[in-house]
Amino acid sequence: MTTRPVISVYSLSGEKTSTTPLPAVFEAPIRPDVVQFVHTNMAKNARQAYAVSIVAGKQVSASSWGTGRAVARIPRVGGGGTSRSGQGAFGNMCRGGRMFAPTKTWRKWHRKINTTQKRYAVTSALAATAVPALVMARGHVVDDVPEIPLVLDTSLESTKKTSAAVDILTAIGAYGDVEKAASSKQIRSGVGKMRNRRYTLRRGPLVVYKENDGVAQAFRNLPGVELCCVSRLNLLQLAPGGHMGRFCIWSQAAMDELNTIYGAEGKRIPTAYMTNADLARIINSDEIQSVVKPALCSGEKPVPKRNAIKSIDALEALDPYAAAARKAETRAMEARAGKKASGLAAKRKAKKAFKAQGKAFYETASKQGNVCEDGFNIA
């Protein structure tokens with residue numbers, strides 16, 4: 001049997017007194033998905049049924065006027081002499097009518113959960129309480145706590161005064177988490193403040209004991225502090241809101257009891273599918289690489305496919321006649337382009353000659369002078 005890690009046991013004054021082996025349940029795989037699923041369904045089992053009155057919106061005599069009166073066929077209040085008569089009734093779109101799909105008390109309020117799933121979630125939440133990073137990520141103030149998980153002497157269970165409980169929490173550095181919870185107390189937003197749940201409060205430490213010799217009466221009045229017997233561990237307390245990492249304070253007797261509750265003599269401890277989650281390291285290890293087949297690779301590179309629309313050579317390989325036609329069309333286009341260029345050049349040349357002839361005539365006509373200089377007698 002391999003040796004197990006040990007954890008320190010502290011006295012009520014905060015001094016280290018002895019050590020105890022870490023229970024095997026704290027090495028269970030941490031599965032946030034299982035914890036979240038089980039917590040969501042467990043939280044539904046405390047709900048109470050509610051529904052609107054079955055006669056709400058229907059306590060009026062109303063019937064439809066039928067067709068032919070150019071009004072909707074919604075039931076209408078009968079009678080006369082008041083503005084209420086003739087108004088629509090019963091429908092959810094009517095003033096004073098019932099709601100759409102009135103709620104019923106026979107809704108499926110509670111959820112059944114597999115026992116193995118519940119046990120898996122509790123063991124995962126227990127294992128998460130021993131990870132300082134998860135405890136701090138959950139928001140607990142554990143900067144002055146000497147060790148996590150925190151185990152105190154069994155005499156913790158005999159504490160009977162709240163003042164003694166405050167002294168114990170102060171000595172072990174856990175009272176800061178209680179103060180954090182106390183300072184977070186505020187009035188709830190919404191109508192819940194009028195329904196006997198006026199205040200909201202953050203969660204503080206969870207004190208886990210084996211025998212209640214007064215410890216429940218001593219710690220129960222501290223803000224945010226909760227208590228739980230080790231034989232009745234509750235996921236709603238170990239992972240409030242489905243978030244793992246609750247700060248737990250254990251008595252030594254409760255910690256030792258975990259070896260009886262979980263293990264060979266008690267409930268089965270789930271095992272992780274992978275002991276090493278570094279998949280890249282596993283694949284690239286010498287043990288794996290020595291037995292895997294080498295990667296298949298061909299020496300010849302595949303010839304890229306030629307596009308017959310763009311390449312005349314590719315078209316000639318597929319259809320010589322189409323290639324010949326395209327070549328002929330290309331030559332015709334080039335010939336037409338050459339003729340067009342020569343025709344434009346000839347036209348431009350003729351246009352320039354015509355313009356030059358016109359300018360010469362204008363200059364000759366301008367040299368003759370004024371034709372009316374000697375009157376209208378033309379020599």
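Quick note: residue numbers are just sequence positions, from 1. Everything numeric in this text was worked out from a predicted model, so none of it was measured.
For CG of Leu318, the number of neighbouring non-hydrogen atoms (other residues, nucleotides, ligands) closer than 6.0 Å is greater than 12. Annotation: Lys193, atom NZ; neighbour count of heavy atoms from other residues, nucleotides and ligands within 6.0 Å is above 12. Annotation for Ile282: atom CD1 counts as buried by contact number, over 12 foreign heavy atoms lying within 6.0 Å. Within 6.0 Å of CE on Met333 lie no more than 12 heavy atoms contributed by other residues, nucleotides or ligands. More than 12 non-hydrogen atoms from other residues, nucleotides or ligands lie less than 6.0 angstrom from CG of Asn284. Annotation for Gln289: atom CD counts as buried by contact number, over 12 foreign heavy atoms lying within 6.0 Å. Atom NZ of Lys44 is surrounded by more than 12 heavy atoms from other residues, nucleotides or ligands within 6.0 Å. When the shell of 6.0 Å around NZ of Lys160 is examined, it contains more than 12 heavy atoms from other residues, nucleotides or ligands.
The structure places SG of Cys229 at 12.0 Å from CG of Asn234, a figure rounded to the nearest 0.5 Å. A distance of 11.0 Å separates OH of Tyr209 from CG of Leu156, quoted to the nearest 0.5 Å. Taking OG1 of Thr123 as the start and NZ of Lys267 as the end, the distance is 9.5 Å to the nearest 0.5 Å. The distance from atom OH of Tyr175 to atom CG of Asp167, rounded to the nearest 0.5 Å, is 9.5 Å. One distance of note links CG of Leu12 with CD1 of Ile168; it measures 4.5 Å at 0.5 Å rounding. To the nearest 0.5 Å, the span separating CD on Glu300 from SG on Cys297 amounts to 12.5 Å.
For the pair Glu316/Lys327, a side-chain contact is recorded, criterion being any heavy-atom separation below 4.5 Å from C-beta on. Counting heavy atoms from C-beta outward, Val178 and Pro205 have side chains that approach closer than 4.5 Å. No side-chain heavy atom of Met255 sits under 4.5 Å from any side-chain heavy atom of Gln252. Side-chain contact between Pro240 and Arg246 is present, with heavy atoms from C-beta onward closer than 4.5 Å. Side-chain contact check for Leu258 versus Leu233: some heavy-atom pair is nearer than 4.5 Å. At a threshold of 4.5 Å between non-hydrogen side-chain atoms, the residues Ser124 and Val34 do not count as touching. A heavy-atom distance below 4.5 Å is found between the side chains of Ser184 and Leu201. For the pair Val166 and Thr170, the minimum side-chain heavy-atom distance is below 4.5 Å.
Grouping the Ile, Leu, Val, Met, Phe, Trp and Tyr side chains by contacts below 4.5 angstrom, directly or via other members, places Leu169 with Leu150. The same ILVMFWY cluster, assembled from side-chain heavy atoms under 4.5 Å apart, contains both Leu134 and Val38. In this structure, Leu238 is a member of the same hydrophobic cluster as Val35, with clusters built from ILVMFWY side-chain heavy atoms closer than 4.5 Å. Cluster membership check: Leu236 shares its hydrophobic cluster with Ile30, using side-chain heavy-atom separations under 4.5 Å among Ile, Leu, Val, Met, Phe, Trp and Tyr. A single hydrophobic cluster is not seen to contain both Tyr10 and Phe26; linkage of ILVMFWY side chains at heavy-atom distances under 4.5 Å, directly or through other members, places them apart.
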Problem set entry | Worked verdict on Val122 versus Tyr262 for side-chain contact (heavy atoms from CB on, under 4.5 Å) | CA-CA 11 Å; Val122 171; Tyr262 296 97; 3.5 Å; yes

Problem set entry | Residues Asp153, Ser155; criterion side-chain hydrogen bond (donor to acceptor under 3.5 Å, both in side chains); working and verdict | CA-CA 5 Å; Asp153 189 70; Ser155 57; 2.9 Å; yes

Exercise. Do Arg76 and Val71 pass the side-chain contact (heavy atoms from CB on, under 4.5 Å) test, and can you show the C-alpha distance, the side-chain angles, and the key distance before you say yes or no?
Worked result: CA-CA 10 Å; Arg76 298 179 181 275; Val71 293; 3.7 Å; yes

For this session: Run the numbers on Ile172 and Ile249 for side-chain contact (heavy atoms from CB on, under 4.5 Å), then give the verdict.
Result: CA-CA 10 Å; Ile172 60 177; Ile249 301 175; 4.1 Å; yes

For this session: Apply the test side-chain contact (heavy atoms from CB on, under 4.5 Å) to residues Arg31 and Met244: give CA-CA distance (whole Å), side-chain angles for both, the deciding distance (0.1 Å), then the verdict.
Result: CA-CA 9 Å; Arg31 292 286 301 275; Met244 298 184 296; over 6 Å; no

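Tested against Arg203 for a side-chain hydrogen bond (donor to acceptor under 3.5 Å, both in side chains), the candidates His140, Glu226, Gln237 yield a single pass: Glu226. When the options Ser63, Ser64, Pro75 are evaluated for a side chain to side chain contact (heavy atoms under 4.5 Å, CB included) with Phe90, the one that passes is Pro75.
Taking all atoms of both residues into account, the shortest heavy-atom contact from Ala127 to Val25 is CB-O, 4.0 Å. The two residues Ser342 and Lys339 make their nearest non-hydrogen contact at OG-O, 2.9 Å. The nearest pair of heavy atoms linking Tyr50 to Arg107 is OH-NH1, 3.4 Å. The minimum heavy-atom distance between Ala165 and Leu222, with the atom names listed, is CB-CD1, 4.3 Å. The two residues Ala181 and Pro223 have their closest heavy-atom pair at CB-O, 3.8 Å. Looking at every heavy atom in both residues, Leu206 comes nearest to Cys228 through CD1-CB, 4.0 Å.
In summary, Lys210 and Glu157 do not engage in a salt bridge, as defined by a charged side-chain N under 4.0 Å from a carboxylate O. Taking a cutoff of 4.0 Å between a charged side-chain nitrogen and a carboxylate oxygen, Lys16 and Glu147 do not qualify as a salt bridge.
At least one donor-acceptor pair closer than 3.5 Å links the side chain of Thr17 to the backbone N or O of Val9. Formation of a donor-acceptor pair under 3.5 Å by the Asn114 side chain with backbone atoms of Thr116 is not found in this model. Looking at Asp177, its side chain does come within 3.5 Å of a backbone N or O of Val141 through a donor-acceptor pair. The backbone N or O of Leu227 lies less than 3.5 Å from no partner atom in the side chain of Arg220, so there is not a single donor-acceptor pair. Distance alone, capped at 3.5 Å, places no donor-acceptor pair between the Asp319 side chain and the Leu315 backbone. Although no hydrogens or angles enter the test, the distance criterion places no donor-acceptor pair under 3.5 Å between the side chain of His39 and the main chain of Leu235. Side-chain atoms of Arg111 do not come within 3.5 Å of backbone N or O of Ala43 as any donor-acceptor pair.
There is no side-chain donor-acceptor pair under 3.5 Å between Ser311 and Asp313.
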